[in-house]
J.: 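Here it is, the structure in full.
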There are 2 protein chains.
Amino acid sequence: MASLLASPQIKKNPDLYVFLPLLYTVWSDTVLTPSEVATLEGLIRSQTWLSDEDRSLLLSQIDPTAPPPPDDFMQWREEIRRVASDPRPKQSLVDLGIALAALHDDGTISPRLLGAKTSLEKIEATLGLISHEAVSSFHDRRSTITAQQSTTHSFEPVKLTAILDGNQADLIRKVKTLLCDPEFSYVDPGDLGRYRAQVLRWLKHLADQGYGAWAYPVNYGGQADMAGYFTIMETLSYHDLSMVVKFGVQFGLWGMSVYFLGTEKHHQKYLKDIGSLELPGCFAMTETHHGSNVRGIETTATYNHHNKTFTIHTPHIHARKEYIGNAALHGQKATVFAKLILDGKDYGVSAFVVPLRDKSGKLHPGVTIEDCGRKMGLNGVDNGLIHFNQVVIPKDDMLDRYSSVNDEGRFESPITSDNRRFFTMLGTLVGGRIGIPRSGLSAAKTGLTIAIRYGDQRKQFGPEGGAEVPILNYRTHQRRLMPLLANAYALHFGLQYLTDRFLKRSEEEMQEIEALAAGLKAWATWNTTATLQECREACGGKGYLSENRIDALKNDTDIYTTFEGDNTVLLQLVAKSRLTEFKQEFSNMNMFTIVNYLAGQAKTSITEMNPIAVRNTDEEHLLDPEFQLSAFRYRERDILTSAAKRLKRHIDSGMDSFDAFNVCQHHLVMVSQAYVERILLEEFRAQIERVSDAGCRAVLKKLCDLFALSQIDKNKGWYLEQGYMEGVKTKAIRKLVNQLCWDIRQDAVPLVDAFDIPDKLLSAPIAVR
Amino acid sequence: MASLLASPQIKKNPDLYVFLPLLYTVWSDTVLTPSEVATLEGLIRSQTWLSDEDRSLLLSQIDPTAPPPPDDFMQWREEIRRVASDPRPKQSLVDLGIALAALHDDGTISPRLLGAKTSLEKIEATLGLISHEAVSSFHDRRSTITAQQSTTHSFEPVKLTAILDGNQADLIRKVKTLLCDPEFSYVDPGDLGRYRAQVLRWLKHLADQGYGAWAYPVNYGGQADMAGYFTIMETLSYHDLSMVVKFGVQFGLWGMSVYFLGTEKHHQKYLKDIGSLELPGCFAMTETHHGSNVRGIETTATYNHHNKTFTIHTPHIHARKEYIGNAALHGQKATVFAKLILDGKDYGVSAFVVPLRDKSGKLHPGVTIEDCGRKMGLNGVDNGLIHFNQVVIPKDDMLDRYSSVNDEGRFESPITSDNRRFFTMLGTLVGGRIGIPRSGLSAAKTGLTIAIRYGDQRKQFGPEGGAEVPILNYRTHQRRLMPLLANAYALHFGLQYLTDRFLKRSEEEMQEIEALAAGLKAWATWNTTATLQECREACGGKGYLSENRIDALKNDTDIYTTFEGDNTVLLQLVAKSRLTEFKQEFSNMNMFTIVNYLAGQAKTSITEMNPIAVRNTDEEHLLDPEFQLSAFRYRERDILTSAAKRLKRHIDSGMDSFDAFNVCQHHLVMVSQAYVERILLEEFRAQIERVSDAGCRAVLKKLCDLFALSQIDKNKGWYLEQGYMEGVKTKAIRKLVNQLCWDIRQDAVPLVDAFDIPDKLLSAPIAVR
């Protein structure tokens, strides 16, 4: 093809420059389509002011078989840029072309160009978006709203930290200081032996500082401070999670089982040595064939009255204690759960202290231990399989708070039913279901800190001709991370509420607190998994490198959704507990009682289901805590009611209750989720009411709005099905969620800074400055 | 309290036994509530046929402060079981009590008990569900529908395998046979050095069998069989994924870049040695600061005409090539992407073959390499960071298919625009976006095989008094795994379709195929992540042990959502490609053209939006492929149309196009997802049409129904918002999804058996028999 800019025609007739931006644009597109060629050809032919030479020159420029050489093309771009440095809104390619022609014609715009403008612009319109993008791309310093968004400081992070830490601030600071000691530098998890030895050393340091015994009574070396114990677990969780889990196994599961299931004699004998790590031990409950259904364990403890001993025995290979932390290497004793057999009768599950190995590591006779080997995570914990072959222990080593054998060799218990006894024993260990979600939340906070700081710095793509943009300015990136940041804050307050309820519990509240703990444990640990997955992806390849820690956080916490109770199983227990509220209504249920029930508890929401409310899209309404809470409460109650109705219908029709519960299992999971989410929203709102600092209050309010509305958005299918909202309203909510994500992005870095995780512990090169 | 069964009264008046089941039940409950006590007390006081002694004996049995001793309680249970061994439907506790009383009264039922039955049963009713459950629990061999469900064989797995494997069956069998050789035994990933060395040995075995060069021309040692290359990648992915990724780096990225971006001289010089692994190499594109936005890379290749060389240079630390597979240890050369600088002008990205180290491992002068260290997964691949300090290479080592420097030192290219040239170069490498999702699908199939076989065998919980139940019989477990099994089949056929399109591509189809590959890559790899997460959780603690392989599968594939293009970024590219369909309409868009567009392409769906269709809950309708396809197509079109409208509205209002795209980013992701899902459904349906075996056809039809309806259920919020369906219909779909999960569960084991993954490769102890 003839070179356009070097042609004699264009020198003679500078008005030809008017075509240059259009020509440049069609060639810079990925493909010059036949329809584009036809359109341009039509345009050129229709311009009566062109000479035949002009026309054939221009037509030669759009021949797909003879593209302009790259060097010519680069020259075109240089030419166009001469007139494009001063961006004006709504500028078109034709505007650029006219300016360019004028430039080459001593600054005068020829009237015939102005005359042709309309027909030229019609052509441009058919190029659509591309032409708009093309005009912008010529601007050297193209400025966009997206590029301009950045971190602001609408509140003081230290003040927010103070709110989060509350009266535990001192202890948190002490634990963090200790963890920043060089002794606590991270180690590579590749070599199991070295990693496990290091984790044991860390545990010893913690015990030496008194943190292991913290919850125990003062006379056993502790501070009798259970709240502090949870704080320690949570704060340690900014560090290596193998250390946290081994800490929990030793001082929580092993120590607390002796403390809560044993009596004075056991406390005196063991508790001090457990707290100081002199006596490493295990919590041996789960068996290969009985994990979730732990009531079905098959290990036996047979009482021998002639010598007042128990014989602990594993009847077959599937009844071995499995996944037992501290068992493979360090545990010297274990709390073993076994069926008590007395005079040939099975008295259900009791707990016993059983020796595993001596201080030198030599296994006790009859005890065989196998290493669980490498795991997805937590490889600093030495999990093992334990097999007991007729291991004899003295009668005194039965943990006898809830069941015992008296001097006559008869079974005794303050609790009649073995079922109830079992759940009472488990209930004393509910602390584990508080420690785990709090640990998981710390891991999620670490992940968010890393991903959000990285997203604020990492730039990628940008407008043509403009600078690259921080990836946290992209809407999809915000949608991935901001709702999870809101969840982290919601869970922080929710888990504090759970802890408070637990610490101040009365006997009567135990069932409710157990349900709350089970529900929050499930919700929080799934949220941890989801959060760390998003954080990994949000950090791209950097997130995949172990040095940036999301690897370890993600893999170590992945089992949190399983241990201390499989989440799905837990949510079914929660749902059954919620259904007991309904016990009375349940049998006599008919539409009348259901309406009464709803009316009694939910006068507001009935009035909300009117044609105006279900279509109300006012921002003021959507941000009203009353609307949000009503929506959460309505959902909780409605799902509970309908689950109860379904169960009753099935059972009334002759279905076995076990089958009926199975048919409704998915529904029951929703019952529990709706319950947990309502609690989370209530407690988040309640916390905001207690905040006096205006800056903190405002940002927490925004986070709470995002939490509430993103949950409603997640469940919008349900709200629409019920007619609680119409499409216009759910669409308005989605829009508001996007807007809140955009707004909160500007506070996102200070919001993760307020978690106040030391850089030493974050350690990730992409997140520390 | 007085012992009930040992009391003289009960011997005198056996009718008192009628209360035993009620008493047992309230005590076996976890808590005896005050209202239960009051209710029972009222009942006892109202029974006029009781003597005062009888009454006070019974009242003493419900004193919360004096529970019956455990031994007595166990005796009660034994008593009740005597009459409960013969289960009758709708039996009540009172029925049991009456039978028990009769047993102790020589088999006669006293008339006064029959008279009291109504008032007794009223009490029982207030106990609600618990009483029903209690009656069932006395049955020794309680049989439930849930417990009875088990694996059936409605089709022959070998026939389904033949359908899946198609004409690649021979090659698949050969590769599997090789992988089952003891040489390919799995190794522990803990020690990076040993693991990487083993992976290299595996690669050598594969190269020796000719698998590395498979896609290359016959004269370079290959089979010129690209289809086979994908089959090999996919089949290898049942084994260690580090091996697969290193295979892909060496023979795919490194080899194919030389093949597709280079010319004859490069093929002759390198291809044979690449295919035989004589010449290990890298694909060095990504830089620290430019991953997704790879067009912005900053490495330079400056041409020196005086000696006809290029100088490859890394201008600053953030422009190092990062995450480069094969770089840390084994790569001797690399295809390096760099900006070509000629006479001080930047001609955009080109590719060059650059030496890294010699055969002995000594680094080439000017090359510095840093090991990326431990990663979340794929630790058998030696990823590295490469820094070039003025490395000089001969002019001939420019891969010059799309850009070159001629003898006069001038730039030449058949493609005018650098933008288009860059995307053309990338387009030749689209094979990677086919290989990765196919590899990820194999990993998902492995995970599903492990989790489904385990779920079929693993028993946990069961009805009181009945055997434990396989966990795959639980509805939540089915809901977790069955839709993912359906997805795996949908993706199998979808990725086969993509491969076929790619292999038979014409130049004009490339844009469409690139969009299809990008979209399917994103959808498939996210599905892999989601599938393996569910599989891990579904296998509980067993899923966490590395021996069961979900650990490695999950961690190795986690990066699949990032490499070969970050999924979120890819989906935006797909959406932009979809929008080009709209280019014409875009600028002139008004309601008229939109309606025309919709009407033209979608006559059926308009007619479907009538009041009857949106409420149609007939199973026949919901299972009708026409309904399902229409719903998918409507969604795809509507989201695309509304995204285009939104973009146009923003741009028309003066918003910069970059900002407009950002505001709509979330919407654009949905555009692409809806597009991919429509393709998947169409191809799944098309495949079923080709199946002649009735058994296979029936089960594939069910899987396809589950795929279609579970996707609609997932998106029900959208369908409800649009008014395309009403709540009654989405509820009916949810119910049908549950039913399909229940039905497919019975075929689930044969369905994963049909994947035909050798036990040797599965290796997981919980999955191999």
Side-chain angles (χ1 to χ4, degrees), chain A residues 27-28 30 67-68 70 73 89 125 128-129 132-133 136 144-146 190-191 291-293 323 372 374-376 411 413 416-417 419-420 423 460-461 463 475-476 479 537 540-541 544-546 551 559 561-562 566 568 583 586-587 651 654 656-659 662 665-666 716-717 720-721 727 730, chain B residues 27-28 30 67-68 70 73 89 125 128-129 132-133 136 144-146 190-191 291-293 323 372 374-376 411 413 416-417 419-420 423 460-461 463 475-476 479 537 540-541 544-546 551 559 561-562 566 568 583 586-587 651 654 656-659 662 665-666 716-717 720-721 727 730:
Chain A
W27 281 111
S28 73
T30 40
F73 189 68
L129 180 72
H132 180 97
E133 178 61 25
S136 307
T144 61
I145 297 165
T146 303
D191 185 296
S292 292
N293 186 17
Y323 317 117
C372 288
R374 191 174 290 281
K375 305 182 295 290
M376 184 176 286
F411 181 75
S413 170
T416 295
S417 123
N419 195 22
R420 191 172 154 199
F423 286 109
Q460 206 74 182
F461 296 108
R475 296 287 191 147
T476 49
R479 276 291 305 234
E537 294 181 28
Y544 200 62
L545 298 179
S546 301
D551 168 16
I559 195 67
T561 57
T562 299
D566 174 88
T568 308
K583 209 160 69 174
F586 197 63
S587 290
I651 290 169
D656 187 286
S657 59
F658 186 78
D659 289 324
N662 194 27
Q665 230 179 15
H666 195 66
K716 72 174 177 185
L720 289 161
E721 264 179 1
T730 56
Chain B
W27 281 110
S28 71
T30 40
F73 188 69
L129 180 71
H132 180 96
E133 178 61 24
S136 306
T144 61
I145 298 165
T146 304
D191 185 294
S292 292
N293 186 17
Y323 317 118
C372 287
R374 191 174 289 282
K375 306 182 294 292
M376 185 177 285
F411 181 76
S413 171
T416 295
S417 124
N419 194 21
R420 191 173 154 198
F423 285 109
Q460 206 73 181
F461 296 108
R475 297 285 192 148
T476 48
R479 275 293 302 235
E537 295 182 27
Y544 200 61
L545 298 179
S546 300
D551 167 16
I559 195 67
T561 57
T562 299
D566 175 88
T568 308
K583 210 162 66 173
F586 199 61
S587 290
I651 290 170
D656 188 286
S657 59
F658 187 77
D659 289 324
N662 194 26
Q665 231 179 14
H666 195 66
K716 72 175 177 185
L720 288 160
E721 264 179 359
T730 56

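Convention: sequence-line order gives letters A, B, ...; per-chain numbering from 1.
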J.: Where do B/Thr416 and A/Pro67 come nearest, in terms of heavy atoms and distance?
T.: OG1-CB, 2.9 Å

J.: Side chain, backbone, both or neither: which part of B/Thr568 has a non-hydrogen atom closer than 4.5 Å to chain A?
T.: side chain

J.: In terms of heavy-atom pairs under 4.5 Å with chain B, which of A/Thr561, A/Leu720, A/Asn662, A/Asp191 leads?
T.: A/Asn662

J.: Check whether A/Asp659 reaches the backbone of B/Ile145 with its side chain - one donor and one acceptor, N or O, closer than 3.5 Å.
T.: yes

J.: Let me confirm one number: the CG-CE distance from B/Leu545 to A/Met376, rounded to the nearest 0.5 Å.
T.: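 Going from the CG atom of B/Leu545 to the CE atom of A/Met376 covers 9.5 Å.
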
J.: Among A/Thr562, A/Asp566, A/Thr476, which has the most heavy-atom pairs under 4.5 Å with chain B?
T.: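 Most pairs with chain B among the choices: A/Thr476.
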
J.: Work out which heavy atom in A/Ser417 is nearest to a heavy atom in B/Ser28; give both atom names and the distance.
T.: OG-O, 3.5 Å

J.: Check each atom of A/Tyr323 against the heavy atoms of chain B and say whether the ones under 4.5 Å are side chain, backbone, both or neither.
T.: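 Contact with chain B is through the side chain of A/Tyr323 alone.
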
J.: So which of A/Gly541, A/Gly727, A/Gly291, A/Cys372 has the biggest tally of heavy-atom pairs under 4.5 Å with chain B?
T.: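 Heavy-atom pair counts peak at A/Gly541.
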
J.: Of all the heavy-atom pairs spanning B/Pro463 and A/Phe658, show the shortest one and how long it is.
T.: N-CE1, 3.5 Å

J.: Report the option among B/Phe73, B/Phe411, B/Tyr544 that has the most heavy-atom pairs separated by less than 4.5 Å from atoms of chain A.
T.: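 Counting heavy-atom pairs under 4.5 Å, the top option is B/Tyr544.
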
J.: Residues two or more places apart in sequence or in another chain: which of them pass salt bridge (charged side-chain N to carboxylate O under 4.0 Å, His left out) with B/Arg475?
T.: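 Listed in chain order: nothing, the list is empty.
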
J.: Pairing donors with acceptors under 3.5 angstrom, does anything connect the side chains of B/Thr144 and A/Asp656?
T.: no

J.: Between chain B and each of A/Thr146, A/Asp551, A/Asn293, count heavy-atom pairs under 4.5 Å; write down the option with the most.
T.: A/Asn293

J.: Would you say A/Glu721 and B/Thr730 are linked by a side-chain donor-acceptor pair, where the criterion is simply a distance under 3.5 Å?
T.: yes

